[in-house]
A.B. asks: 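Below you will find the structure I want to go over with you.
Note: hydrogens, waters and symmetry copies are ignored here, and every other heavy atom, side chains too, is used. In the text below, chain A, chain B and the rest are named by the order of the sequence lines, each starting its count at 1.
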Amino acid sequence: MSELTKKIQEGVVRAAAELYGAELPAKQAVIQPTRKDFEGDFTAVMFPLTRLARKKPEQIGEEVGQWLVSHLDEIDRYNVVKGFLNLVVADSYWTTFVQQHVADASFGRFPATGQKVMVEYSSPNTNKPLHLGHIRNILLGWSISRILEAAGHEVIKTQIINDRGIAICRSMVAWKRWGNGATPESTGKKGDHLVGDFYVLFSKKFEEEYAAWQQTEEAERVFAERHKEGQTREEFFKAFKNRYFNEFSELGAEAREMLRRWEAGDEETLRLWRMMNDWVLEGFEETYRKLGVSFDKTYFESDTWQLGKEIIEEGLAKGVLHKDGKRVWVDLSNIGLGEKTIIKSDGTSTYTSQDLGTARMRYEEFGFHKMIYVVGDEQISHFQGLFEILRRLGEPYAEGLYHLAYGMVDLPTGRMKSREGTVVDADDLIEEVIAEARKHAEERGEIAELPREAQDDIVRKIGMAALKFFIIKVNPRKRMTFDPSESVDMQGQTGPYVQNAYVRIQSVLRKADACDADRATAYSALQEGERELVKQLYQYPEIIETAAREYDPSHVANYAYNLARAFHKFYHDYPILKAESEEARAFRLELSRMVARVLADAMDLLGIEMPDRM
RNA sequence: GGCUCCGUAGCUUAAUUGGAUAGAGCACCUGACUACGGAUCAGGAGGUUGGAGGUUCGAGUCCUCCCGGAGUCACCA
């Protein structure tokens with residue numbers, strides 16, 4: 001809560017004590033920004049006082065209002081509507097506020113909390129390129145990291161690359177069989193896309209193999225023996241695919257053999273694996289760079305997949321985990337999850353066992369207070385189980401673990417499905433939004449005079465702003481529909497709209513010759529539109545606090561939009577450079593300067609850059 | 001079926017965590033400066049906040065029960 005609202009709140013509590021001899025809990029003295037349709041800056045809700053004062057809310061409002069005006073310098077006057085006490089803050093308070101913070105880089109930054117927070121926000125598989133779903137994940141993780149830093153925490157950004165397992169082996173088999181030694185250099189293809197192509201090729205060949213197999217006598221026999229009562233041939237073979245892969249498929253056997261050799265440390269297999277993984281990782285790096293994100297620490301599943309043995313032994317000794325033969329499991333029925341397997345009966349590890357081990361390893365390495373996993377909501381129960389196990393084991397960091405679950409990204413046509421080729425590729429998407437921004441810029445011709453590189457830079461910033469803002473403005477919890485045509489919109493509630501407010505201010509500032517900034521505080525006829533802007537600026541730190549507490553960057557995005565909107569209106573309604581007085585001109589310039597600074601700061605927390613022209 | 005999440009205008013969404021007449025954008029219609037950048041601004045139309053009860057001075061928000069959608073409940077990751 002900000003300084004002034006806190007002061008008002010304390011004032012209300014003290015007023016209650018002095019006027020009515022009542023002890024009002026601070027929490028019940030609700031202070032909120034006044035709604036637009038009433039006069040005032042802050043509103044104190046009087047209803048909770050009625051019981052204590054045993055008077056009508058209107059009368060209490062009058063009495064408390066008078067008390068506040070005479071005891072707080074900042075409060076100029078008040079009015080009462082029903083049980084709402086609307087308080088008007090003195091102009092001098094606002095003009096001083098702007099003067100104090102116009103160049104204050106610490107505005108919107110909180111003092112160090114001493115808390116160390118680890119944020120894991122990317123965990124891609126190395127068998128195919130990043131797609132739209134990853135983009136939401138990455139943008140969310142990046143911005144929440146920045147917001148947590150602004151809130152005073154020390155943040156360690158991390159990713160875990162899932163670089164081993166049967167999936168990458170499929171790509172490896174396909175490359176070996178049909179690749180003819182293709183490389184990113186020889187094909188001119190980005191490494192992750194090249195490997196992804198082989199993954200797709202494997203699937204295609206496997207489908208063909210499976211279809212052919214269904215015509216064989218062996219398939220006939222399998223169907224006869226294993227199909228359920230009333231199940232058609234088609235239904236049976238659709239459901240049987242995975243088992244076919246594991247029991248009958250030649251390609252499946254080859255991929256499994258590849259995995260076996262990898263696990264056995266076969267040199268040739270490892271060489272191939274390293275080569276293809278490196279291609280993918282370089283591709284990922286490029287995409288990350290285009291998205292403007294980075295990590296402090298990268299983990300690889302190939303290093304961590306066997307972790308967890310130690311912690312599992314402890315769990316067995318403590319009776320938290322149970323063992324049947326080689327299989328290790330845990331009873332999670334208390335949180336509605338039933339039995340969960342941690343080590344399979346063939347002795348191999350699972351995702352859960354890795355995650356147990358990785359959590360402890362990270363804690364030992366960084367000693368974090370909080371660890372946030374930014375992972376899709378389809379894994380909610382996985383994390384519930386994981387955290388529950390760590391709690392039962394008495395791990396010291398268990399209470400600080402948090403799964404930031406975001407909803408899937410759908411297309412207007414429905415869910416993205418890699419099998420149906422409806423996945424939106426990250427690189428393609430980035431290219432598209434930039435192309436769209438370029439198209440708009442060319443139509444407008446505003447930046448046509450600039451050198452090529454400068455134009456490219458601006459167009460890139462605008463396109464990325466459109467894409468990022470479109471994704472981040474939605475509450476992470478919600479499943480979102482990604483309409484490609486809307487995502488490149490540049491008007492209305494969009495990134496470019498916010499940028500435009502900033503650009504307009506830069507344009508004004510360029511034209512403003514040096515003027516006496518000190519005269520700004522002498523301005524004493526604050527207009528409605530000015531007041532509205534100042535109040536919104538004043539809210540900024542609180543917004544960051546809320547976004548950090550809720551792990552929700554959409555608050556910051558919506559704030560930036562609202563601030564930009566208020567500025568556009570202000571810009572339209574009042575002259576700045578040709579203001580009616582020197583004081584007004586000085587104040588409006590300072591006010592605009594601060595709006596620009598806060599807009600840029602807020603957008604920076606979302607990973608969005610501001611152009612100076614557009 | 002158990003657990004979890006979601007449901008707000010035709011569409012995409014917000015609501016300061018229980019506060020005033022539910023606020024925006026898109027799309028549609030109508031307007032605006034010989035002006036500091038029109039990627040702008042103003043106005044119109046569009047709502048029984050999925051439904052029904054309940055708690056409260058006050059409910060989109062909390063409780064109960066329904067309806068609809070999604071996810072998950074694997075010796076997958």
A.B. asks: A quick test of your reading: do over 12 heavy atoms of other residues, nucleotides or ligands sit less than 6.0 Å from CZ of A/R54?
C.D. replies: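 Counting neighbours around CZ of A/R54, 12 or fewer heavy atoms of other residues, nucleotides or ligands fall under 6.0 Å, so no.
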
A.B. asks: Nearest to the side chain of A/F38, heavy atoms from C-beta on, is which of B/G19, B/C36, B/A20?
C.D. replies: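 Of the candidates, B/A20 comes closest.
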
A.B. asks: A/Q379 CD to B/A74 P: how many Å, rounded?
C.D. replies: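 Nearest whole value for this atom pair: 15 Å.
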
A.B. asks: Distance check: side-chain N/O of A/K56 vs OP1/OP2 of B/C57, anything under 4.0 Å?
C.D. replies: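 No, no such contact exists.
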
A.B. asks: May I ask you to say what A/N86 touches in the nucleic acid, namely base, sugar-phosphate or nothing, with a heavy-atom cut-off under 4.0 Å?
C.D. replies: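 Result for A/N86 = base.
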
A.B. asks: Given atom CE of A/M480 and atom P of B/A14, what is their separation to the nearest angstrom?
C.D. replies: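 One finds 10 Å between P of B/A14 and CE of A/M480, rounded.
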
A.B. asks: With the stacking rule set at 5.5 Å and 30°, tell me whether A/F84 counts as stacking on B/G19.
C.D. replies: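 The ring of A/F84 is not stacked on B/G19.
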
A.B. asks: Hey, does the side-chain of A/T341 have a donor or acceptor N/O within less than 3.5 Å of a partner on the base of B/C75?
C.D. replies: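 Between B/C75 and A/T341, which were checked side chain against base, a qualifying N/O pair under 3.5 Å is absent.
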
A.B. asks: Nearest to the side chain of A/I380, heavy atoms from C-beta on, is which of B/C41, B/U12, B/U4?
C.D. replies: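 So the nucleotide nearest the side chain must be B/U4.
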
A.B. asks: Any side-chain to backbone donor/acceptor pair from A/D483 onto A/P412? Under 3.5 Å, distance only.
C.D. replies: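 Side chain of A/D483 to backbone of A/P412: no pair is present.
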
A.B. asks: Should the pair A/E442-A/K439 be classified as a salt bridge under the 4.0 Å nitrogen-to-oxygen rule?
C.D. replies: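 No, A/E442 and A/K439 are not salt-bridged.
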
A.B. asks: Starting at CG of A/D377 and ending at P of B/C5, how long is that distance when rounded to a whole Å?
C.D. replies: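 In whole Å, B/C5 P and A/D377 CG are 11 Å from each other.
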
A.B. asks: Is any side-chain N or O of A/H382 closer than 4.0 Å to OP1 or OP2 of B/G71?
C.D. replies: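 False: A/H382 side-chain N/O out of range (4.0 Å or more) of B/G71 OP1/OP2.
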
A.B. asks: Do we see a donor-acceptor contact under 3.5 Å between the side chains of A/N86 and A/T43?
C.D. replies: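 A pair is found: one side chain offers a donor N or O, the other an acceptor, under 3.5 Å apart.
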
A.B. asks: For B/G60 and B/A22, measure between their C1' atoms and round to the nearest Å.
C.D. replies: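 It works out to 8 Å between them.
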
A.B. asks: A/E263 versus A/R164: any side-chain heavy-atom pair under 4.5 Å?
C.D. replies: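 The answer is yes; the side chains approach within 4.5 Å.
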
A.B. asks: Looking only at side-chain atoms of A/Q491, point me to the closest of B/C76, B/A24, B/U40.
C.D. replies: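 Of all the options, the side chain of A/Q491 is nearest to B/U40.
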
A.B. asks: Which string of ( ) [ ] | and . matches RNA chain B, if you list each base 5' to 3' and count Watson-Crick or G-U pairs only when both distances are under 3.5 Å?
C.D. replies: (((((((..((((.....[...)))).(((((.......))))).....(((((..]....))))))))))))....

A.B. asks: Under the 3.5 Å rule, do the base of B/A20 and the side chain of A/T43 count as making a donor-acceptor pair?
C.D. replies: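 Indeed there is one.
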
A.B. asks: Taking any heavy-atom pair under 4.0 Å as a contact, classify A/Q499: base, sugar-phosphate, or nothing.
C.D. replies: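 Touches nothing.
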
A.B. asks: Say you pick atom P in B/G19 and the same atom in B/G58; how far apart are they, in whole Å?
C.D. replies: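 Between the two P atoms, the distance is 14 Å.
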
A.B. asks: Can you find a donor-acceptor pair, distance only, under 3.5 Å between A/D489 side chain and B/A27 base?
C.D. replies: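 No, no donor-acceptor pair under 3.5 Å.
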
A.B. asks: Tell me whether the side-chain N/O atoms of A/K36 come closer than 4.0 Å to OP1 or OP2 in B/G23.
C.D. replies: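 Answer no for this pair, as no side-chain N or O of A/K36 is under 4.0 Å from OP1 or OP2.
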
A.B. asks: Taking the nucleotide of RNA chain B with the nearest heavy atom to each, does A/R549 or A/T34 sit closer to the 5' end?
C.D. replies: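 This one resolves to A/R549.
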
A.B. asks: Would you call A/F47 stacked on B/G58, i.e. ring centres under 5.5 Å apart with the planes less than 30° off parallel?
C.D. replies: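 Not stacked by the 5.5 Å and 30° rule.
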
A.B. asks: Touch check for A/R477, heavy atoms < 4.0 angstrom, all strands: base, sugar-phosphate only, or nothing?
C.D. replies: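 Sugar-phosphate contact only - A/R477 comes under 4.0 Å of backbone atoms but never of a base.
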
A.B. asks: Can you tell me, in whole Å, how much space there is between the P of B/C63 and that of B/C6?
C.D. replies: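 Between the two P atoms, the distance is 11 Å.
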
A.B. asks: Considering only atom C1', compute the distance from B/G25 to B/G46 and round it to an integer number of Å.
C.D. replies: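 Result for the C1' pair: 14 Å, nearest Å.
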
A.B. asks: Hey, does A/V30 reach any base, or is it just sugar-phosphate, or nothing, if we go heavy atoms under 4.0 Å?
C.D. replies: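 A/V30: no heavy atom of the nucleic acid under 4.0 Å.
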
A.B. asks: According to a strict under-4.0 Å criterion, is A/S381 in side-chain N/O contact with OP1 or OP2 of B/U72?
C.D. replies: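 Checking B/U72 against A/S381, no side-chain N or O comes under 4.0 Å of OP1 or OP2.
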
A.B. asks: Would you call A/D456-A/R460 a salt bridge at under 4.0 Å N-O?
C.D. replies: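 No, A/D456 and A/R460 are not salt-bridged.
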
A.B. asks: What is the distance from CZ of A/F587 to P of B/C36, rounded to the nearest Å?
C.D. replies: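 From A/F587 CZ to B/C36 P: 22 Å.
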
A.B. asks: Measure the distance from CD on A/E378 to C1' on B/A70 and round it to the nearest whole Å.
C.D. replies: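 Rounding to the nearest Å, CD of A/E378 and C1' of B/A70 are 12 Å apart.
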
A.B. asks: Expressed in whole Å, how much space separates the P atoms belonging to B/G1 and B/A20?
C.D. replies: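 Roughly 38 Å separates the two P atoms.
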
A.B. asks: Does A/N125 or A/I447 map to a spot on RNA chain B nearer the 5' end, using the closest nucleotide for each?
C.D. replies: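 Here A/I447 is the residue nearer the 5' end.
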
A.B. asks: What orientation do A/F206 and A/F202 show, parallel under 30°, tilted 30 to 60°, or perpendicular over 60°?
C.D. replies: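 Ring orientation of A/F206 relative to A/F202: parallel.
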
A.B. asks: So what does A/R415 touch, heavy atoms closer than 4.0 Å: a base, only the sugar-phosphate, or nothing?
C.D. replies: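 The answer is sugar-phosphate, as A/R415 gets under 4.0 Å only of primed atoms, P, OP1 or OP2.
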
A.B. asks: Looking for any heavy atom pair under 4.0 Å, which part of the strands does A/P48 touch: base, sugar-phosphate only, or nothing?
C.D. replies: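 Base contact.
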
A.B. asks: What distance, rounded to whole Å, do you find between the two C1' atoms, one in B/G44 and one in B/U49?
C.D. replies: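 Pairwise C1' distance, B/G44 against B/U49, rounds to 23 Å.
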
A.B. asks: Does A/K478 have a side-chain nitrogen or oxygen under 4.0 Å from the phosphate oxygens OP1 or OP2 of B/U12?
C.D. replies: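 It does not, given that no N or O in the side chain of A/K478 lies less than 4.0 Å from OP1 or OP2 of B/U12.
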
A.B. asks: How far, in whole Å, is B/A45 from B/U64 if one measures between their C1' atoms?
C.D. replies: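 Comparing C1' positions in B/U64 and B/A45 gives a spacing of 38 Å.
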
A.B. asks: Base, sugar-phosphate alone, or nothing: which one does A/E446 contact when heavy atoms must sit under 4.0 Å apart?
C.D. replies: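 The answer is base, as A/E446 lies within the cut-off (heavy atoms under 4.0 Å) of a base atom.
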
A.B. asks: Does a side-chain N or O of A/K340 approach OP1 or OP2 of B/U72 to a distance below 4.0 Å, or not?
C.D. replies: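 Looking at the OP1 and OP2 atoms of B/U72, neither is under 4.0 Å from any side-chain N or O of A/K340.
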
A.B. asks: Between B/C36, B/C11, B/A32, which nucleotide gets closest to the side-chain atoms of A/K511?
C.D. replies: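 Nucleotide nearest to A/K511's side chain: B/C36.
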
A.B. asks: Measuring to OP1 and OP2 of B/U21, would you say a side-chain N or O of A/K82 lies under 4.0 angstrom away?
C.D. replies: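 For B/U21, OP1 or OP2 has a side-chain N or O of A/K82 closer than 4.0 Å.
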
A.B. asks: Sort out for me which residue in A/Y373, A/Y406, A/Y402 forms a ring pair (Phe, Tyr, Trp, His ring centres under 6.0 Å) with A/Y551.
C.D. replies: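 Among A/Y373, A/Y406, A/Y402, the one meeting ring pair (Phe, Tyr, Trp, His ring centres under 6.0 Å) with A/Y551 is A/Y402.
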
A.B. asks: What I'd like to find out is whether the side chain of A/F570 reaches to under 4.5 Å of the side chain of A/R588, using heavy atoms alone.
C.D. replies: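 In short, these two side chains touch, coming nearer than 4.5 Å.
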
A.B. asks: Taking side chain as C-beta onward, heavy atoms only, is A/R256 less than 4.5 Å from A/I166?
C.D. replies: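 A/R256 reaches A/I166 side chain to side chain.
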
A.B. asks: Less than 4.0 Å between a side-chain N and a carboxylate O, is that true for A/E528 and A/R531?
C.D. replies: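 Looking at A/E528 together with A/R531, the answer is no, because their closest N to O distance does not fall below 4.0 Å.
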
A.B. asks: Compare side-chain N and O positions of A/R479 against OP1 and OP2 of B/C6 and report whether any pair is under 4.0 Å apart.
C.D. replies: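 Answer is no, no contact under 4.0 Å.
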
A.B. asks: Between P on B/A24 and CG on A/D37, what's the gap in Å once rounded to a whole number?
C.D. replies: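 Taking atom P of B/A24 as the reference, CG of A/D37 is at 10 Å.
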
A.B. asks: Quick check with a 6.0 Å cut-off and a 45 degree axis cone: is A/R136 positioned over the face of A/F482's six-membered ring?
C.D. replies: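 Here A/R136 fails the 6.0 Å and 45° test against A/F482.
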
A.B. asks: Where the side chain of A/H555 is defined as all heavy atoms beyond and including C-beta, which of B/A24, B/U40, B/A15 is the nearest nucleotide?
C.D. replies: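 Taking heavy atoms from C-beta onward, the closest nucleotide is B/A15.
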
A.B. asks: Pick base, sugar-phosphate or nothing for A/F469, based on heavy-atom distances below 4.0 Å to the nucleic acid.
C.D. replies: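 Nothing, no nucleic acid heavy atom in range.
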
A.B. asks: Does A/I166 reach a base, just sugar-phosphate, or nothing at all? Heavy atoms under 4.0 Å.
C.D. replies: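 Here A/I166 touches no strand at all.
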
A.B. asks: B/A24, OP1 or OP2 - any side-chain N/O from A/K473 closer than 4.0 Å?
C.D. replies: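 Indeed not, no polar side-chain atom of A/K473 lies that close.
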
A.B. asks: Using a 4.0 Å heavy-atom cut-off across all strands, classify A/N562 as base, sugar-phosphate, or nothing.
C.D. replies: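 Contact class for A/N562: none.
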
A.B. asks: Nearest whole angstrom, please: distance from the P of B/U12 to the CG of A/D410.
C.D. replies: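 Value for this atom pair: 11 Å.
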
A.B. asks: Considering only the P atoms, how many Å lie between B/G50 and B/A15, rounded to the nearest integer?
C.D. replies: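 To the nearest whole Å, 15 Å.
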
A.B. asks: For A/D355 and B/A77, what is the distance between atoms CG and P respectively, to the nearest whole Å?
C.D. replies: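 Value for this atom pair: 10 Å.
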
A.B. asks: Is the phosphate of B/U12, meaning OP1 or OP2, less than 4.0 Å from a side-chain N or O of A/Y561?
C.D. replies: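 Checking A/Y561 against B/U12: no side-chain N or O falls below 4.0 Å of OP1 or OP2.
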
